[in-house]
Amino acid sequence: MKVILKDGSCKEYPQAMPVIDIAKDISEGLARVACAAELDGEVVDLRTVVDGEHELNILTFDSDAGKAAYRHTASHVLAQAVKRLYPEAKCAIGPSIEDGFYYDFDMESLDREALDQIEKEMKKVVKEGASLERFTLPREEAVKLMEDRGEPYKVELIRDLPEDAEISFYQQGDFVDLCAGPHLMSTKPLKAMKLISSSGAYWRGDEKNKMLTRVYGTAYTKKADLDAYLEHLEDIKKRDHNKLGRELELFTTVDVIGQGLPLLMPKGVQIIQTLQRWIEDEEEKRGYMRTKTPLMAKSDLYKLSGHWDHYKEGMFVLGDEEKDKEVFALRPMTCPFQYYVYKASQKSYRDLPCRYGETSTLFRNEDSGEMHGLTRVRQFTISEGHLIVRPDQMVQEFKDCIALAQYCLQTLGVEEDVTYHLSRWDPEDREKYIGEPEVWEKTEGDIRKILQELAIPFTEDIGEAAFYGPKVDINAKNVYGKEDTMITIQWDALLAEQFDMYYIDEKGDKVRPYIIHRTSMGCYERTLAWLIEKYAGAFPTWLAPEQVRVLPISEKYLDYAAKVAEELKANGIRVETDRRSEKIGYKIREARLKKVPYMIVVGQKEEEDQVISVRSRFKGDEGQMQLDAFVDDICREIRTKEIRKAEQETESSGA
């Protein structure tokens, strides 16, 4: 038997051996920290017996697959601890995830005190140091084992496995779990574990199924790494837009209004209005013409576009087709409306491209379990646009749409936080899509070439295309690591045919145009959530709902404070004055908590000298200056959309 190791060296043995024994032969130290292995590129258990000639890579916690095996073992320790403390609990599933693991149980909900008790029991399990033994059973024996142990969810999982599937189990002490692995050899290496939280989760993610109790946890090999992760979680909580957005009075939600229908408060509206005016002005500079179209339409429109067949479940339908003469639906997109703007007059090849832009309010019937703050809502507004172009213009216009998106990302200071995806169709799921395979292959190839020419790194996602065409999705993660699509640019070579759209070419013939569906910045609500988390509520000055707060030292200086505020307002600066009879230190702390970029302190000396004292988020005390000099500086900062950082932040990033 021969194995080729990661460094290219070879090991030969006279007989077949488990991976763990090969690891011991290489190094006892390596065997102690081994979590799993890669055998010919496939992740396998340390118990896997190797025979013949193979490439072998021993995986430690430093690798993603090693972490997964380590944390998967921790999830089994969690399950064993739960079963000891709550014998009636039923086990569902317990995988590792990006930053830890979870396990779903059919049991009562758990509070923090209960989690702490389970955590103590987990430490006892680890201290016992039981080995994890793997075994397999035929299907009916596997079912009987889980039935005898009172685990109905495991029985269901076994019955759903393919007929030829190997049904494997892992046992540690008196705990047995249905599991494919891989796992550590024993519980001994588990050093630093923490249960993070508990929540509800539907069995198999289906809201029609029973709600289970999901326990989240994480595990590290070093306590210092666990402490750093827990500190990171505390920072996440501070940045969570759901929490911070309410504290800063940007938005709220109300049960009697409904899930996914947030109320934007004045300060939140101010940010979105600033973004909207900027986007609309920028699009106008780039040749876009604005439209304003209805929020609803008859079902006939959506049947023509194909949305009725492919997207009806995600729409709010008004009326009943069997009872009502006309059935309407709130629009989930604007494209078919703008097609009729195009069709209102005949176009020649000289009129193209037609670039239509609209600040569109849309409605999508998201599942209740998907609702989350401002990132997943049922009514939202996007910077939507549709470009009707000649085929020979398509590539350049598509590149220009990417350039506009990148300009928006750069201006908002988030260009480093995104990933690019070529969202492709799934030829195995033909019912989901319209058009012939040749069209899809060509359009996907064209987009791939564009991204390569622009030197944009991207991944390809099968089955994520719109039903009428492939697209570029620009995604970003929220503070919890969940990825959302922020900007989309879609290539459509099909819908012009369905809507009988054409232009007259230079020969006088009717020709079908191509269509680009795109957003320049995406959904305003989702972008607001992104920016709250990105800047922890401390928005760049040009976006801040309150850019300056004037702080009179006492009531004697209210008149001078009012004069300063009026001058700022006259220059288009968003300003408020704190007129309360509070000490100046308290007022400054309050302004800092509200993330106001600039504070202007005025008292006797400032009034006498007709100056102001400036404090900022960026430098702290910036000293006294003339009001007109401050106005010039802040207006330039707002006009250029500068993203100014605190000096300590700049120094630490430079170090």
Side-chain angles (χ1 to χ4, degrees), residues 43 45 68-111 114-115 117-119 121-122 125 130 132-184 187 190 193 195-219 367-370:
V43 178
D45 197 279
Y70 188 92
R71 289 168 172 166
H72 194 181
T73 305
S75 80
H76 279 220
V77 170
L78 163 61
Q80 185 175 6
V82 167
K83 292 292 285 186
R84 285 183 178 181
L85 297 175
Y86 303 89
E88 298 306 312
K90 309 299 180 189
C91 294
I93 58 171
S96 63
I97 53 178
E98 184 174 355
D99 290 322
F101 58 88
Y102 70 79
Y103 211 113
D104 289 344
F105 303 96
D106 187 350
M107 64 182 300
E108 63 194 67
S109 60
L110 299 167
D111 57 17
L115 294 180
Q117 287 300 118
I118 295 169
E119 211 174 277
E121 193 64 32
M122 289 173 69
V125 172
L132 276 82
E133 305 293 339
R134 183 180 186 274
F135 64 92
T136 61
L137 289 175
R139 178 179 298 274
E140 291 311 312
E141 289 184 33
V143 167
K144 186 175 187 310
L145 175 64
M146 289 294 100
E147 285 178 339
D148 291 346
R149 298 182 74 90
E151 298 291 359
Y153 298 97
K154 301 296 184 181
V155 171
E156 182 179 330
L157 290 171
I158 293 168
R159 294 199 186 280
D160 286 350
L161 289 171
E163 287 294 329
D164 59 349
E166 181 181 64
I167 302 173
S168 61
F169 296 84
Y170 282 81
Q171 180 167 0
Q172 59 200 50
D174 59 355
F175 178 72
V176 177
D177 204 353
L178 171 73
C179 187
H183 281 286
L184 304 181
T187 62
L190 296 171
M193 297 182 295
L195 297 185
I196 306 298
S197 63
S198 176
S199 65
Y202 292 111
W203 169 233
R204 293 189 154 181
D206 188 339
E207 61 183 6
K208 296 176 183 176
N209 290 336
K210 187 171 184 179
M211 177 74 78
L212 305 178
T213 295
R214 175 170 293 179
V215 180
Y216 286 97
T218 194
D367 291 336
S368 59
E370 293 291 316

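Computed over heavy atoms, backbone and side chain alike; hydrogens, waters and symmetry mates excluded.
D177 and Q80 share no side-chain donor-acceptor pair at under 3.5 Å.
Closest approach of I167 and A142 over heavy atoms only: CG2-CB, 3.6 Å. The shortest heavy-atom contact between R84 and V125 is NH1-CG2, 3.6 Å. In terms of heavy-atom proximity, D206 sits nearest to Y202 at O-CB, 3.1 Å. Nearest heavy-atom pair across G173 and A130 is N-CB, 3.8 Å. Closest approach of V155 to E147, counting heavy atoms only: CG2-CG, 3.6 Å. Here the shortest heavy-atom pairing between I118 and A81 reads O-CB, 3.9 Å.
Under the 3.5 Å distance criterion, the side-chain polar atoms of T73 are matched with a main-chain donor or acceptor of L184. Looking at S168, its side chain does come within 3.5 Å of a backbone N or O of C179 through a donor-acceptor pair.
Residue N209 holds its CG atom at 8.5 Å from OH of Y153, rounded to the nearest 0.5 Å. In this structure, NE2 on H183 lies 6.0 Å from OG on S75, to the nearest 0.5 angstrom. One distance of note links CD of E88 with NZ of K83; it measures 7.5 Å at 0.5 Å rounding. The CE atom of M146 sits 13.0 Å away from atom CZ of R159, with the distance rounded to the nearest 0.5 Å. A distance of 10.0 Å separates CG of D106 from CH2 of W203, quoted to the nearest 0.5 Å. We find the OG-CG distance between S197 and D111 to be 13.0 Å, quoted to the nearest 0.5 Å.
A perpendicular orientation is assigned to the rings of Y170 and H76, their planes being inclined by more than 60° (bins at 30° and 60°).
Residues satisfying the side-chain hydrogen bond (donor to acceptor under 3.5 Å, both in side chains) test with K90, not counting sequence neighbours, are none.
For an aromatic pair to be called close, the ring centres must be under 6.0 Å apart, and Y103 with F105 satisfies this.
Side-chain contact check for L137 versus K144: every heavy-atom pair is 4.5 Å or farther apart. In this structure, L78 and M193 have side chains that are not in contact, with every pair of non-hydrogen atoms separated by 4.5 Å or more. Between E156 and R204 the shortest side-chain heavy-atom distance falls below 4.5 Å.
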Might you work through the side-chain contact (heavy atoms from CB on, under 4.5 Å) test for L195 and L110, ending with a clear yes or no? CA-CA 11 Å; L195 297 185; L110 299 167; over 6 Å; no

Pair V82, V215 - check side-chain contact (heavy atoms from CB on, under 4.5 Å), show working. CA-CA 10 Å; V82 167; V215 180; 5.6 Å; no

Show the numbers, then the answer: is there a salt bridge (Lys or Arg N to Asp or Glu O under 4.0 Å) between D45 and R134? CA-CA 10 Å; D45 197 279; R134 183 180 186 274; 5.5 Å; no

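Note on R71 versus D99: no salt bridge recorded, every NZ/NE/NH1/NH2 to OD/OE distance being 4.0 Å or above.
In this structure, R214 forms a cation-pi arrangement with Y102, its terminal cationic atom sitting closer than 6.0 Å to the ring centre and no more than 45° off the ring axis.
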